[in-house]
Amino acid sequence: MYVELFKRGHGEDYRLHSGYMCSVLEVDRSLCEEALKLKGTATIATMLPLSRDQKVKLLDAYREELGSIIGPDADVHAQTYRRIPLTLLEGEDLRKSLDKYCRRGLSKGVPSLGSDLSALFLVEKDGRYSPVSDPVIVKAHPVLQTLVELVTGFILALESDSKFSTSADEDEQSPSTLLWAWYLRALLHEMCGEYSEGIKLAEKCLEHTPTAVDVYELKGRLLAAAGDLSSAADALDKGRELDKQDRYINNRTTEYLLKANRDEEAKNR
């Protein structure tokens, strides 16, 4: 049933993937019902710590049923098929998939790539997975460390050769790819509580592309986290001036101005 739904174009629904995984692994009905209630990109693979054998069984089942439609090179519209393997792979296989996943996101200029990847920062607690938010724990997480290494390598290569690596057969990237690589690295700094480093990279992004509204939002968050609420409000206000139709940045600018005790300015926004 699930495979037929995937083939009919319903692959974006992560609940269907949870159901498919439950059927392949033959898990208890109660666990399956719980997995089917998960939100966002969560599946039973991010709810429960699966054994290596279980992960291999799922990957084999996906590949047998869906073939080339699943994995980092999947040439389909549904992002799900490229993301699911990231929750099942380990070691060098995971690294290779993260490499390709990041390259695709950076070359397409996806601002949400960092928050998407942060959902992979999981730790086991009482037989279940829990998301990690504490900067100290995030910094020590193996997925974060792999991402830092990958993105740092991308930045060095993009700065020198406009490519993701120095390999001769690499395609040249557009200037915006470097912008989004810096942006992602700044986000990783934010997740680790490294606010000064993140602010420096955000400023570098804005020197490169002064019209990048998402970067003003990031810079504002970093400045606020570092304790400089007035500068955070100024950063958001500059972004707001670029897109006054963006309700989110309008509301955040007002919020930061109020927190910085700049009530009169907040009233005029």
Salt bridge check, [Y] against [X]: does any charged N sit closer than 4.0 Å to a carboxylate O?
X: K204; Y: E207; value: no
X: R240; Y: D237; value: yes
X: E255; Y: R252; value: yes

Task: Residues forming a salt bridge (Lys or Arg N to Asp or Glu O under 4.0 Å) with R103, sequence neighbours excluded - done: D99, E170

Is it true that a side-chain atom of [X] and a backbone atom of [Y] form a donor plus acceptor pair closer than 3.5 Å?
X: R104; Y: R82; result: no
X: R185; Y: V151; result: no
X: Y256; Y: D234; result: no
X: T46; Y: T43; result: yes

Open item on the list: Can you tell me if K163 has over 12 outside heavy atoms packed within less than 6.0 Å of its NZ?
Closed with: yes

Open item on the list: Does K238 have more than 12 heavy atoms from other residues, nucleotides or ligands lying within 6.0 Å of its NZ?
Closed with: no

Open item on the list: Can you classify the ring geometry of Y62 versus F6 as parallel (below 30°), tilted (30 to 60°) or perpendicular (above 60°)?
Closed with: parallel

State whether a side-chain donor-acceptor pair under 3.5 Å links [X] with [Y].
X: H208; Y: Y183; answer: no
X: S30; Y: D28; answer: no
X: T80; Y: E12; answer: yes

Open item on the list: E33 vs R29, test: salt bridge (charged side-chain N to carboxylate O under 4.0 Å, His left out). Steps then yes/no.
Closed with: CA-CA 6 Å; E33 290 176 348; R29 183 186 180 88; 3.1 Å; yes

- [ ] Enter the distance from L179:CG to T209:OG1 here, rounded to the nearest 0.5 Å.
- [x] 4.5 Å

Open item on the list: So, taking the atom named CG in L236 and the one named CG in N250, what distance separates them when rounded to the nearest 0.5 Å?
Closed with: 10.0 Å

- [ ] Show the numbers, then the answer: is there a side-chain hydrogen bond (donor to acceptor under 3.5 Å, both in side chains) between S51 and D53?
- [x] CA-CA 5 Å; S51 69; D53 287 345; 5.3 Å; no

